[in-house]
Amino acid sequence: MATFAFITGATSGFGEAIARQFAATGKNLIITGRRGDRLLKLKNELQGLFPGIHCVISNFDVRVENEVQKAINDIPTEITSNIDVLINNAGLAVGRGPIDEGISDDWDRMVDTNIKGLLYVSKAVIPFLKIHKHAHIVNIASIAGKEVYLGGNVYCATKHAVDALSRAMRIDLLPFGIKVSNIAPGAADTEFSVVRFKGNLKTAKAVYEGYTPLIANDIADAVLYVCSRPAHVTINDLVIMPTAQASATNLAKD
Ligand code: NDP
Ligand code: 8X3
């Protein structure tokens with residue numbers, strides 16, 4: 001059986017775009033997320049467009065370790081044993097404001113999703129990656145993992161943790177020939193800001209006004225590029241910004 005990419009957060013934004021681009025190359029997919037209706041819709045669409053591919057749905061919350069482990073155990077081993085790419089993409093920001101006014105539930109959601117969820121999924125999937133001579137993990141970090149900015153405190157800390165985990169994984173997995181790539185996008189117009197601002201569409205929309213932000217396909221392009229380098233080449237770290245954004249906070253707006 002041809003190999004599979006396991007993609008977290010495939011119900012929206014980067015993860016969905018990555019799934020679409022992989023499918024177009026003929027790669028088999030395991031698409032994951034909490035919103036099962038969206039996963040089913042994407043699976044049906046991709047299998048219609050690319051009848052040769054195998055698309056498997058795995059519906060779980062990355063924050064719950066036994067749910068992650070059970071969901072992955074429930075996938076037939078002839079599929080899991082063929083996973084050679086893991087895209088750790090699921091993640092979110094919740095709120096933006098001074099640290100002393102932070103809400104502990106927001107902090108928990110970010111730490112549990114962006115750090116612990118990435119760890120739970122990686123721990124469950126790495127045994128399958130080790131079976132392959134050439135396997136690859138791509139962690140979606142952020143410019144917020146390279147810099148900190150006003151009110152970004154805990155989100156920035158979680159993305160700095162992703163950046164550190166990418167470097168640490170690369171060392172730990174070196175004996176197994178598993179590539180680890182870290183991708184750090186700047187502002188991209190996905191559902192990210194709607195989630196961050198808890199459904200406040202006006203505030204979310206304002207984040208992307210006055211300049212041209214990245215779109216999900218820009219990041220999917222980069223993931224496909226990183227995953228298609230020759231076996232002896234690893235792209236360790238890629239920072240991808242809108243041309244109008246020079247740093248986390250320096251934006252040339254109209
Ligand atoms: P979206 O909100 O569009 O997508 C986020 C995805 O993460 C969804 O598919 C969502 O699925 C999934 N997800 C969130 N929480 C969980 C959970 N507990 N369990 C399982 N899946 C979960 O945002 P983006 O596509 O923009 O974000 C993708 C990644 O990129 C995130 O890690 C984000 O931090 C990072 N990033 C985003 C940037 C941006 O400006 N957009 C810039 C830099 C990095 P569901 O809700 O169905 O579970
Ligand atoms: C998302 C980009 O700059 O809002 O990670 O933190 S930013």
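Both counts, for ligands and for their atoms, begin at 1 and track the order of listing. Computation of the quantities below employed the complete heavy-atom set of this structure, encompassing side-chain atoms and omitting hydrogens, waters and symmetry-equivalent molecules.
Under 4.0 Å from ligand 1, the heavy atoms of Thr113 that appear belong solely to its side chain. By the criterion of a heavy-atom distance under 4.0 Å, the side chain of Lys159, and not its backbone, is placed next to ligand 1.
Tyr120 pairs by the ring-ring contact (aromatic ring centres under 6.0 Å, His included) definition with nothing, not counting sequence neighbours.
Distances from atom 11 (O) of ligand 1 to the heavy atoms of Thr11, Ile7, Val68 show the closest one on Thr11. Of the options Arg196, Glu16, Arg34, the smallest heavy-atom separation from atom 16 (C) of ligand 1 is shown by Arg34.
Under 4.0 Å is where a charged nitrogen must lie from a carboxylate oxygen, and between Lys159 and Asp163 no such pair does. At a threshold of 4.0 Å, the pair Glu191-Arg35 counts as salt-bridged, since one of the basic side-chain nitrogens sits closer than that to a carboxylate oxygen. Note on Arg63 versus Asp108: no salt bridge recorded, every NZ/NE/NH1/NH2 to OD/OE distance being 4.0 Å or above.
Counting heavy atoms from C-beta outward, Lys123 and Val68 have side chains that stay 4.5 Å or more apart.
Here's the thing with Pro185: none of its N/O atoms is less than 3.5 angstrom from an N/O atom of ligand 1. In terms of polar-atom proximity, Thr190 is counted as a contact of ligand 1, with an N or O under 3.5 Å from an N or O of the ligand. Inclusion of Ala188 in the set of residues having an N or O under 3.5 Å from an N or O of ligand 1 is warranted. Below 3.5 Å of separation, one finds an N or O of Tyr149 facing an N or O of ligand 2.
Separation of the Phe22 and Phe4 ring centroids does not fall under the 6.0 Å cut-off.
Considering CD1 of Ile235 and OH of Tyr225, their distance stands at 4.5 Å, rounded to 0.5 Å.
Interface atoms of ligand 2 facing Ile143, defined by a heavy-atom separation under 4.0 Å, are 3 (O). Within the listing of ligand 1, atoms 3 (O), 25 (O) sit less than 4.0 angstrom from a heavy atom of Gly13. Every atom of ligand 2 is numbered from 1 in the order shown, and the set under 4.0 Å from a heavy atom of Arg196 is 4 (O).
Leu238 and Ile178 are members of different hydrophobic clusters when ILVMFWY side chains are connected at heavy-atom separations under 4.5 Å.
When only non-hydrogen protein atoms are considered, atom 34 (O) of ligand 1 lies nearest to Tyr155 OH, 2.7 Å. The protein atom (non-hydrogen) at minimum distance from atom 12 (C) of ligand 1 is Gly9 CA, 3.6 Å.
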